[in-house]
Q: 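Here's a structure for you.
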Amino acid sequence: MEIAVEFKDVTKKFPQGVKNAVNHVSFQIRAGELVTILGTSGCGKTTLMKMVNRLYEPTSGEIFIFGENIRQKDPVKLRQGIGYVIQQIGLFPHMTVAKNIAVVPEILNWEKESIESRTHELLRMVNLDPEEFCSRYPAQLSGGQQQRVGLARALAADPKIMLLDEPFGAIDAINRGKLQDELLSIHQSSQKTFLFVTHDITEALKLGTRVLIMDQGEIKQFAPPREIVNNPANEYVASLMKSVVEGLEFLK
Ligand SMILES: Nc1ncnc2c1ncn2[C@@H]1O[C@H](COP(=O)(O)OP(=O)(O)OP(=O)(O)O)[C@@H](O)[C@H]1O
């Protein structure tokens, strides 16, 4: 099986940081996996993710994407091939929904007709009617709709890898559940490799083909959800899983 993302002994220390934000981390992600990265606030999830598209550079260690050392790639070109969705969305406020989605295809000089048909296809994929939404501006959308457009924009140029950093963090529980289901079906139909950061244990277990659990910059377990639940590798993972069950204790 092809390896999409590989970290080899990667460490990141920020100049002001006392400890390493990411501490000697090694792992491999196979093409087509949806890996959720789970851990409490400050454990290094975002730092790990931002090294994949070179928003941060590792202090030491090497990162490979489809076998290529990303240090040898132009960061701008690298990012054009990697979709990126964050909680704060970052849609361009002065551009319509259609223009927002078309940003990368336009940079890549796609034909006008291809851009238009791709925009419509993507809006349908994230359950927004193109007729209704193409010409709206971000301020005229709900938070959940904005997040859907953010997802469509990240998918626009058909990247092989998608990075999602707490993309549904600010969405209410009902819409969050719907977006999770849509993400699962997009993942299943697209064959892309997804890395999805969350601090929500249920979300990590629901979405991940494998879950990468971090604590204090280190990997505590990297395994399929069922194995994490049935065979936690250590006390830390066991206590995380216990907290999910205990969260439902009040129902008794
Ligand atoms: N630019 C920075 N400069 C200095 N320290 C940083 C910087 N960014 C993050 N850190 C530190 O690195 C550690 C890991 O941060 P990171 O943002 O990766 O955590 P996280 O797991 O994504 O947390 P959260 O769930 O709260 O977003 C934290 O201790 C944080 O304070």
Q: So do I228 and M241 actually touch side chain to side chain, heavy atoms under 4.5 Å?
A: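 In short, these two side chains touch, coming nearer than 4.5 Å.
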Q: Tell me whether K192 forms a cation-pi arrangement with F194, defined as NZ or CZ under 6.0 Å from the six-membered ring centre and within 45 degrees of its axis.
A: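 No, K192 does not lie over the aromatic ring of F194.
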Q: Which heavy atom in A154 sits nearest to a heavy atom in Y84, and how many Å separate them?
A: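 Distance-wise, the nearest heavy atoms are CB-N, 3.7 Å.
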Q: Given N175 and K178, is the side-chain contact (heavy atoms from CB on, under 4.5 Å) satisfied, shown in steps?
A: CA-CA 5 Å; N175 278 303; K178 283 190 198 153; 4.1 Å; yes
Q: Give a yes or no on whether Y56 and I82 share a hydrophobic cluster (residues Ile, Leu, Val, Met, Phe, Trp, Tyr; joining criterion: side-chain heavy atoms under 4.5 Å apart).
A: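 In one cluster: yes.
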Q: Please check this pair: side chain of T36 against backbone of F196, looking for a donor-acceptor N/O pair closer than 3.5 Å.
A: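 No.
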Q: Could you walk me through whether V149 and F133 pass the side-chain contact (heavy atoms from CB on, under 4.5 Å) test, one step at a time?
A: CA-CA 10 Å; V149 175; F133 287 96; over 6 Å; no
Q: Tell me whether M125 shares a hydrophobic cluster with V97, the cluster being built from Ile, Leu, Val, Met, Phe, Trp, Tyr side chains joined at under 4.5 Å.
A: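 Shared cluster, yes.
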Q: Can D165 and K45 be counted as an ion pair, charged N to O under 4.0 angstrom?
A: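 So D165 does not pair with K45 through a salt bridge.
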Q: Linking I/L/V/M/F/W/Y whenever their side-chain heavy atoms sit closer than 4.5 Å, directly or via other members, would V126 and L164 fall into one cluster?
A: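 V126 and L164: one cluster.
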Q: Is a side-chain N or O of E33 found less than 3.5 angstrom from the main chain of R30, in a donor-acceptor match?
A: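 Judged by distance alone, yes, a pair lies under 3.5 Å.
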Q: Just by modelled atom types, is the N231 backbone N or O under 3.5 Å from a matching donor or acceptor in the Q221 side chain?
A: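 Yes.
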Q: Using side-chain heavy atoms (C-beta onward) and a distance below 4.5 Å, is I186 in contact with L151?
A: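 SC-SC contact between I186 and L151 confirmed.
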Q: For H199, does the NE2 atom sit with more than 12 other heavy atoms under 6.0 Å from it, leaving out its own atoms?
A: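 No, the 6.0 Å shell around NE2 holds no more than 12 heavy atoms from other groups.
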Q: For a quick test of reading the model, state the closest non-hydrogen atom pair linking P138 to M95 and the distance between them.
A: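 Of all heavy-atom pairs spanning P138 and M95, the closest is CD-O, 3.2 Å.
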Q: More than 12 non-hydrogen atoms from neighbouring residues, nucleotides or ligands closer than 6.0 Å to CD on E132, yes or no?
A: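 Yes, because the 6.0 Å sphere around CD of E132 holds more than 12 heavy atoms from other groups.
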Q: Should F66 and M51 be regarded as members of a common hydrophobic cluster, given that ILVMFWY residues are connected when their side-chain heavy atoms come within less than 4.5 Å of each other, either directly or indirectly?
A: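 Yes; M51 is reachable from F66 via cluster members.
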Q: Does W110 reach the side chain of R118, with side-chain heavy atoms less than 4.5 Å apart?
A: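 The answer is yes, as the side chains (C-beta and beyond) meet within the 4.5 Å cut-off.
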Q: When rounded to the nearest 0.5 angstrom, what is the spacing between CD in E62 and OG in S26?
A: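 So the gap between those two atoms works out to 11.0 Å.
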Q: To the nearest 0.5 angstrom, please state how far the OG1 atom of T11 sits from the CD atom of E218.
A: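 Spacing of OG1 (T11) from CD (E218) equals 9.0 Å.
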Q: Can you confirm whether F27 sits close enough to L48 that some side-chain heavy atom of one is under 4.5 Å from a side-chain heavy atom of the other?
A: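 Yes, side chains in contact.
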Q: Might you point out which heavy atoms bring L141 and Q145 nearest each other, and give the distance in Å?
A: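 It is CA-OE1, 3.5 Å.
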Q: Do Q180 and F168 have side-chain heavy atoms sitting under 4.5 Å apart?
A: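 Yes; the side chains approach each other to less than 4.5 Å.
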Q: Quick check: closest heavy atoms across M162 and V85, and the distance to 0.1 Å?
A: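 Closest heavy-atom pair between M162 and V85: CE-CG2, 4.3 Å.
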Q: If you compare all heavy atoms of N234 against all heavy atoms of K220, which two are closest, and at what distance to 0.1 Å?
A: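 Shortest heavy-atom separation between N234 and K220 comes out as ND2-O, 3.0 Å.
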Q: Grab the two heavy atoms, one from V52 and one from L195, that are nearest each other, plus how far apart they are.
A: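 Taking every non-hydrogen atom into account, CG2-CD2, 4.3 Å.
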Q: Rounded at 0.5 Å granularity, tell me how far OG1 in T119 sits from CZ in R124.
A: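 Rounded to the nearest 0.5 Å, the OG1-CZ separation comes to 10.5 Å.
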Q: Just so I know, are the side chains of K206 and D181 near enough to count as touching, which here means a heavy-atom distance under 4.5 Å?
A: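 Side chain of K206 against side chain of D181, heavy atoms only: contact under 4.5 Å found.
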Q: Measuring from L108:CG to K77:NZ, what's the distance to the nearest 0.5 Å?
A: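 Between atom CG of L108 and atom NZ of K77 there are 10.0 Å.
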Q: Roughly how far, to the nearest 0.5 Å, is CG of D215 from OH of Y236?
A: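 It comes to 4.0 Å.
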Q: Scan E166, M214, K50 and name whichever one has a side-chain contact (heavy atoms from CB on, under 4.5 Å) with V197.
A: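 Testing each of E166, M214, K50 against V197, the sole residue satisfying side-chain contact (heavy atoms from CB on, under 4.5 Å) is E166.
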Q: Find out whether the Lys NZ or Arg CZ of K8 is both under 6.0 angstrom from the six-membered ring centre of F64 and within 45° of the ring's axis.
A: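 Checked: cation-pi criterion met.
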Q: For R54, is there an ion pair with D74 - N to carboxylate O distance below 4.0 angstrom?
A: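 So D74 does not pair with R54 through a salt bridge.
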Q: Has the side chain of N53 got a donor or acceptor atom that lies under 3.5 Å from a matching backbone atom of R79?
A: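 The answer is no, because no donor-acceptor pair under 3.5 Å joins these two groups.
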Q: Would you check if L184 and L207 make a side-chain contact, meaning some heavy-atom pair closer than 4.5 Å?
A: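 Yes. Closest side-chain heavy atoms under 4.5 Å.
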Q: side-chain contact (heavy atoms from CB on, under 4.5 Å), that's the test. Do H120 and C134 meet it? Break it down for me.
A: CA-CA 8 Å; H120 284 216; C134 266; 3.7 Å; yes
Q: Calculate, to the nearest 0.5 Å, the distance between atoms CZ and CG belonging to F222 and L38 respectively.
A: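 Here the interatomic distance stands at 12.5 Å.
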Q: For a side-chain contact (heavy atoms from CB on, under 4.5 Å) check, start with the C-alpha distance between V5 and V35, then their side-chain angles and the critical distance, and finish with the verdict.
A: CA-CA 11 Å; V5 179; V35 169; over 6 Å; no
Q: Quick one: are K12 and P58 in side-chain contact, heavy atoms under 4.5 Å?
A: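 No. Closest side-chain heavy atoms not under 4.5 Å.
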Q: In terms of hydrophobic clustering (I, L, V, M, F, W, Y; side-chain heavy atoms under 4.5 Å; direct or indirect links), are L78 and V103 co-clustered?
A: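 No, L78 does not connect to V103 through the hydrophobic network.
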Q: Taking T193 for the side chain and G32 for the main chain, is one N or O donor matched with an acceptor at less than 3.5 Å?
A: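 Yes, T193 side chain to G32 backbone: donor-acceptor pair under 3.5 Å.
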